[in-house]
**Student:** 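There's a structure below that I have some questions on.
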Number of protein chains: 2
Amino acid sequence: MAGRPREFDRDQALEKARDAFWTRGYEGTSMADLVSALGLASPRIYAAFGSKEDLFREAVALYEANEGGFATRALAEEPTARRVIERMLREAVETYTRPGWPQGCMVVSAATNCAVENDSVLHWLAEHRLARTASIVERLKQGVRDGELKPDTDAETLGDYYATLMHGLSVQARDGVPKERLHALITVAMQSLDARLIQGA
Amino acid sequence: MAGRPREFDRDQALEKARDAFWTRGYEGTSMADLVSALGLASPRIYAAFGSKEDLFREAVALYEANEGGFATRALAEEPTARRVIERMLREAVETYTRPGWPQGCMVVSAATNCAVENDSVLHWLAEHRLARTASIVERLKQGVRDGELKPDTDAETLGDYYATLMHGLSVQARDGVPKERLHALITVAMQSLDARLIQGA
DNA sequence: ACGATTCTTTATCGATCGACAAAGAATTGG
DNA sequence: CCAATTCTTTGTCGATCGATAAAGAATCGT
């Protein structure tokens, strides 16, 4: 043990890395960019985080534990499928359009156009998105079992539908579509779920 | 004029470049990748297309004139807003999931995570997406004026809604969600428009 | 036939990519 | 105080990035 103590705050550096990767993506953020954003010489970054890819994975984990964790939180905290879906979508919009923060979803936009050598990163994020889609589908199936949704509801299709919309919200937010318009569109989308609701459940 | 005639087919080379950029994006495709994909030494590529960025812009234009032109074609050829929207979405899915072709939408995925020096490319594609959103909104407004849609229809919101969904479809297609599931979700989404339709119009 | 023009080939340019070697500085346990 | 350990600093590594200079090859107009 022992040795010279680290002079910088690792958590704080990780937050800065998350913001950099969130803004410009994995390949769009060079080590030189990170050196500049974190205010640390590259050997200090490598000593603390291993490699650029390791740092990115930690940054995504941090994102998902906080700003990007709305889906998980909605699933864990809301009592009905209907409330899970709406809260997830509305918090997505809030996160994707927060002033002074990177726009859009880090998981959607940080590694879409990647060179072959970074396919592992690309697939890793894709799996995160697919897992999110699957968790939404599962929650809707639960809603059917609970008697919240009509028994003939196609939960997989409905889950795909909301997952697709959520990923589209990230694209629109990045393009600068204002949050009011995104919220308005969610109101339209919620009607598809309301139509499947069993009244008084 | 005059001079030695070019030995390769420029159009054919452009198609190969479009496929490469469509698959891996602007920055994900290096000049070395293009040299390999086109089967041409780099000076021949520069002589024929100017620069990597010029080639990319031509490749996107080719994409939009053909595979990626479903929105424009639907808007031009379908008689009602209802038919424009459905055809656009269904052709989008077909294009995004065609076997043996790059998955997803080139305009959505070819330049999302870009280094600062390629911001111009990123913004150029963003403008294409925004223009597409706007054209959908315009078509729905026309539908209201035509008496196809109820007079109190919020065309902007409905247009945002379908544009968002379409961009989400590209993400899902890239992630490997099968086309049948994407078509099923479109059926759900069409109900939002059907609810605004004036019967017998 | 011949100069002008254009394309093809070969070799390479400077800049930047992610990553690290080596040495100096600071702290620990003994 | 000292040896061990860890962090910081300086300098730089080979590979790859997009792009081009220069020379040879092929076709044009005259």
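Every chain is numbered from 1 and lettered A, B, ... according to where its sequence line falls, protein lines coming before strand lines.
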**Student:** Nearest-Å distance, CD (B:Glu117) to P (D:dG18)?
**Tutor:**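 Those two atoms, CD and P, are 10 Å apart.
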**Student:** Whole-Å distance between D:dT5 P and A:Glu7 CD?
**Tutor:**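 From A:Glu7 CD to D:dT5 P: 21 Å.
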**Student:** Whole angstrom is fine here: how far is it from CD in A:Glu27 over to C1' in C:dC17?
**Tutor:**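 The answer, rounded to whole Å, is 11 Å.
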**Student:** Tell me if the centroids of the rings in B:Phe49 and B:Phe56 come within less than 6.0 Å of each other.
**Tutor:**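 No - the distance between ring centres of B:Phe49 and B:Phe56 does not fall below the 6.0 Å cut-off.
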**Student:** Calculate the interatomic distance between A:Asn118 atom CG and D:dT16 atom P; express it in whole Å.
**Tutor:** 13 Å
**Student:** If you assign A:Gly50 and B:Arg6 each to the DNA chain C nucleotide with the nearest heavy atom, which residue ends up on the more 5' nucleotide?
**Tutor:** B:Arg6
**Student:** DNA chain D: B:Pro43 or A:Arg44, which has the more 5' nearest nucleotide?
**Tutor:**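 The residue mapped nearer the 5' terminus is A:Arg44.
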**Student:** Provide, to the nearest angstrom, the distance between the CG atom belonging to B:Asp33 and the C1' atom belonging to D:dT16.
**Tutor:**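 Rounded to the whole Å, the gap is 11 Å.
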**Student:** Between atom CD of B:Glu77 and atom CZ of B:Arg83, what is the distance when rounded to the nearest 0.5 Å?
**Tutor:** 11.0 Å
**Student:** Side-chain contact test, heavy atoms from C-beta onward, threshold under 4.5 Å: evaluate it for A:Thr164 versus B:Val171 and give yes or no.
**Tutor:**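 They are not in side-chain contact.
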**Student:** Given D:dT5, is OP1 or OP2 found less than 4.0 Å from the side-chain N or O atoms of A:Arg4?
**Tutor:**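 No, A:Arg4 has no side-chain N/O under 4.0 Å of OP1/OP2 on D:dT5.
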**Student:** Examine distances only and state if a side-chain atom of B:Ser109 and a backbone atom of B:Cys105 form a donor-acceptor pair shorter than 3.5 Å.
**Tutor:**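 Yes, because the side chain of B:Ser109 sits within donor-acceptor range (under 3.5 Å) of the backbone of B:Cys105.
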**Student:** Atom CD1 of A:Ile45 and atom P of C:dC20: how far apart are they, to the nearest Å?
**Tutor:** 13 Å
**Student:** Determine: side-chain N/O of A:Ser30 to OP1/OP2 of C:dC17, distance under 4.0 Å, yes or no.
**Tutor:** yes
**Student:** Heavy-atom nearest nucleotide on DNA chain C for B:Pro5 versus B:Ser42: which residue maps closer to 5'?
**Tutor:**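 By nearest-heavy-atom nucleotide position, the 5'-most residue is B:Pro5.
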**Student:** In this structure, how many angstroms lie between the C1' atom of C:dG18 and the CG atom of A:Leu55, rounded?
**Tutor:**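 After rounding, the reported distance stands at 12 Å.
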**Student:** Side-chain N or O of B:Tyr46 versus OP1/OP2 of D:dA19: is the shortest distance under 4.0 Å?
**Tutor:** yes
